[in-house]
Amino acid sequence: MGTGQSRSSNTLVVPQSNQALDKLKYEVAQELGIQIPQDGYYGFMATRDTGAIGGHITRRLVQIAEQQLAGQFR
């Protein structure tokens with residue numbers, strides 16, 4: 001599978017967010033020192049690494065949402 005392709009059945013609520021999520025994935029991986037395969041195939045990556053990337057992305061997205069919500073109530 002190439003970069004940006006997925007076999008996931010999850011559908012994005014905002015389809016245009018796909019590029020932003022990909023960018024976030026690479027930023028988080030770089031911060032963690034994890035090399036993402038150039039061909040986009042994650043099959044040879046350790047589950048621990050892909051899980052760490054996903055966990056950090058989730059934390060970051062929750063943090064962003066909390067900041068946006070806090071800004072609405074000021």
Side-chain angles (χ1 to χ4, degrees):
M1 271 187 233
T3 303
Q5 293 178 336
S6 174
R7 289 188 295 169
S8 175
S9 62
N10 295 338
T11 55
L12 297 174
V13 176
V14 180
Q16 298 83 358
S17 66
N18 198 30
Q19 287 181 337
L21 289 171
D22 271 349
K23 181 180 176 197
L24 183 58
K25 174 174 50 179
Y26 285 98
E27 286 176 12
V28 167
Q30 184 177 13
E31 289 173 10
L32 296 174
I34 299 171
Q35 183 69 32
I36 293 192
Q38 293 295 323
D39 63 1
Y41 178 68
Y42 294 86
F44 297 119
M45 287 184 68
T47 303
R48 168 178 252 139
D49 290 342
T50 57
I53 293 170
H56 279 78
I57 288 173
T58 302
R59 277 190 216 106
R60 180 93 48 93
L61 291 174
V62 168
Q63 182 181 34
I64 291 167
E66 287 175 342
Q67 290 171 350
Q68 289 179 349
L69 287 171
Q72 289 178 356
F73 297 109
R74 289 184 183 193

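Keep in mind that this is a model prediction, so the values were computed, not measured.
Taking Arg59 as the reference, His56 meet the side-chain contact (heavy atoms from CB on, under 4.5 Å) condition, with sequence neighbours excluded. With sequence neighbours excluded, the residues that form a side-chain contact (heavy atoms from CB on, under 4.5 Å) with Val14 are Gln16, Ser17. In this structure, the side-chain contact (heavy atoms from CB on, under 4.5 Å) partners of Glu31, at least two apart in sequence or on a different chain, are Arg60.
Cluster partners of Ile64 are absent, since no Ile, Leu, Val, Met, Phe, Trp or Tyr has side-chain heavy atoms less than 4.5 Å from it.
The environment of CD in Gln67 is crowded: more than 12 heavy-atom neighbours from other residues, nucleotides or ligands sit within 6.0 Å.
Evaluation of the salt bridge (Lys or Arg N to Asp or Glu O under 4.0 Å) test over residues 42-58, restricted to residues two or more places apart or in two chains, returns none.
With values rounded to the nearest 0.5 angstrom, Ile53 atom CD1 is found 11.5 Å from Gln30 atom CD. Remark: Thr50 OG1 to Lys25 NZ distance equals 11.0 Å, nearest 0.5 Å.
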